[in-house]
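A quick write-up on the structure given underneath.
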Amino acid sequence: MLRQLSGRNSGFAQSFSTASLNPALPWLFVGLGNPGDKFKGTRHNVGFELIDAFADYLKISVSNVHCKALFGQGFVGNIPVFLAKPQTYMNLSGESTGPLAAYYKLPLNRVMFHDDMGLPCGVLRLEDKGGHGSHNGLKSVIDKFRGNREFPRLRIGIGRPPGQMDPKAFLLQKFNALARERIDAALQEGVDVLKQMPLEGLAECARWFNREQKYKHIRPQTSFVC
């Protein structure tokens, strides 16, 4: 069972207190997904995969338990970054992200990573705010943020279900080989923008990153089913 770590017996409060002396405000990155081996590699878990890819780049572990999430911390330059993977299951993501945002008091510097059927497979989009788009994980997050939708999110395109396929079944399927290749490349592109975001800021990163991603829409190879 997950347990809430207290400031007294964990390093989180102490490390954040030290980081708060730094003029650079920390960033909180949260990937949405479902815990457990049976969900690994499924379309609904690409948010977790991006957290793992970024943690590999930072050479940190995301294995501590904090606010019902697997949690890790590191630095981009001299800027503290916190990485989290809520373990509440997707539809209850807000039960972890709400307390995390409150704990670190970061009303703007919190970014959600999530799968999005509204984008072609492997296409990413960085936005400063938005709705939930019928994504149950985002619905839960917005609810726990008391209706506030003005938080950044990195949308990870997974394509749409083929034919009359049930969207829920589609989300819980694993990628085919060709789609897996596209998603792996997209995750690396995601890491490229994440490592610049604390240094350049969201608006500047979104300007060049979304321009680069836009051209994927007109490439023939993005039209296949994930």
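All figures in this text were calculated on a predicted structure; none of them were measured in a lab.
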Is there a side-chain contact between Met117 and Ile158 (heavy atoms, below 4.5 Å)? yes

Is it the case that the side chains of Gln196 and Glu204 hold a donor-acceptor pair, with the cut-off being a distance below 3.5 Å and no angle test? no

Specify the closest pair of heavy atoms between Ala169 and Met165, including all atoms of both residues, with the distance to one decimal. C-CE, 3.9 Å

Determine whether Phe113 and Leu32 make a side-chain contact, defined as any pair of heavy atoms from C-beta on separated by less than 4.5 Å. no

Work out which heavy atom in Val81 is nearest to a heavy atom in Pro198; give both atom names and the distance. CG1-CG, 4.1 Å

Would a line drawn from the ring center of Phe82 to the ring center of Phe29 be shorter than 6.0 Å? no

Taking all atoms of both residues into account, what is the closest heavy-atom pair of Val111 and Leu154, and its distance? CG1-N, 4.2 Å

So do Thr42 and Phe175 actually touch side chain to side chain, heavy atoms under 4.5 Å? no

Should the heavy atoms of other residues, nucleotides or ligands under 6.0 Å from CD of Glu127 be counted, would the total exceed 12? yes

If I take atom NZ from residue Lys38 and atom CG from residue Asn45, how far apart are they, to the nearest 0.5 angstrom? 11.5 Å

Is Val76 reachable from Leu126 through a run of I, L, V, M, F, W or Y residues, each pair having side-chain heavy atoms under 4.5 Å apart? yes

Go through the steps for Leu70 and Asn64 under the test side chain to side chain contact (heavy atoms under 4.5 Å, CB included), then give the verdict. CA-CA 5 Å; Leu70 292 179; Asn64 291 301; over 6 Å; no

Ile183 side chain reached by Cys121 side chain, heavy atoms, under 4.5 Å: yes

Can we call the ring centroids of His66 and Tyr104 under 6.0 Å apart? yes

Is the NZ or CZ atom of Arg153 positioned over Phe151's six-membered ring, under 6.0 angstrom from the centre and within 45° of the axis? yes

Determine whether Val123 and Pro120 make a side-chain contact, defined as any pair of heavy atoms from C-beta on separated by less than 4.5 Å. yes

Just how far is it from atom CG of Leu50 to atom CD of Gln188, taken to the nearest 0.5 Å? 9.0 Å

Presence of salt bridge, Glu49 and Arg180, under 4.0 angstrom: yes

Looking only at heavy atoms, which two atoms of Pro35 and Phe48 are closest? And how far apart? N-CE2, 4.0 Å

So Asn148 and Ile142, side chain to side chain contact (heavy atoms under 4.5 Å, CB included) or not? Walk me through it. CA-CA 6 Å; Asn148 182 5; Ile142 291 170; over 6 Å; no

Is the closest side-chain heavy-atom distance between Pro86 and Val30 below 4.5 Å? yes

Could you tell me whether Lys59 and Asp56 make a salt bridge, using a distance below 4.0 angstrom between a side-chain N and a carboxylate O? no

Closest non-hydrogen atoms of Val62 and Ile51, given as atom of the first, atom of the second and distance, are CG2-CG2, 4.2 Å

Distance from Leu138 atom CG to Asn91 atom CG, nearest 0.5 Å? 11.0 Å

Applying a strict under-4.5 Å side-chain criterion to I, L, V, M, F, W and Y, I'd like to know whether Tyr57 and Phe209 cluster together. yes

Salt bridge or not for Lys139 and Asp143, using N-O below 4.0 Å? no

Arg155/Gln213 under side chain to side chain contact (heavy atoms under 4.5 Å, CB included): CA gap, chis, key distance, verdict: CA-CA 11 Å; Arg155 299 163 57 199; Gln213 291 292 310; over 6 Å; no

Please table the atom pairs, donor to acceptor, closer than 3.5 Å between any side-chain atom in residues 92-102 and protein atoms at least two apart or in another chain.
unit_1: Ser93; atom_1: OG; unit_2: Met90; atom_2: O; d: 2.7
unit_1: Ser96; atom_1: OG; unit_2: Cys67; atom_2: O; d: 2.7
unit_1: Thr97; atom_1: OG1; unit_2: Ser93; atom_2: O; d: 3.2

Hphob cluster co-occupancy, Ile79 + Ile60, side-chain heavy atoms under 4.5 angstrom: yes

For Phe54 and Leu83: C-alpha separation, side-chain torsions, deciding distance, then whether side chain to side chain contact (heavy atoms under 4.5 Å, CB included) applies. CA-CA 9 Å; Phe54 194 35; Leu83 309 183; 3.7 Å; yes

Could you tell me if the side chain of Phe39 sits less than 4.5 Å from the side chain of Leu172, heavy atoms only? yes

Test item: Ile156 and Arg125 side chains (from C-beta on) under 4.5 Å apart, heavy atoms: no

Phe170 versus Gly159, closest heavy-atom pair with distance: CE2-O, 3.4 Å

Return the CG to CD distance between Asp192 and Glu212, rounded to the nearest 0.5 Å. 8.5 Å

Measure the CG-NZ distance between Asn34 and Lys85 for me, rounded to the nearest 0.5 Å. 12.0 Å

Look up atom CG in Leu28 and atom NZ in Lys105, then write down how far apart they are to the nearest 0.5 Å. 13.5 Å

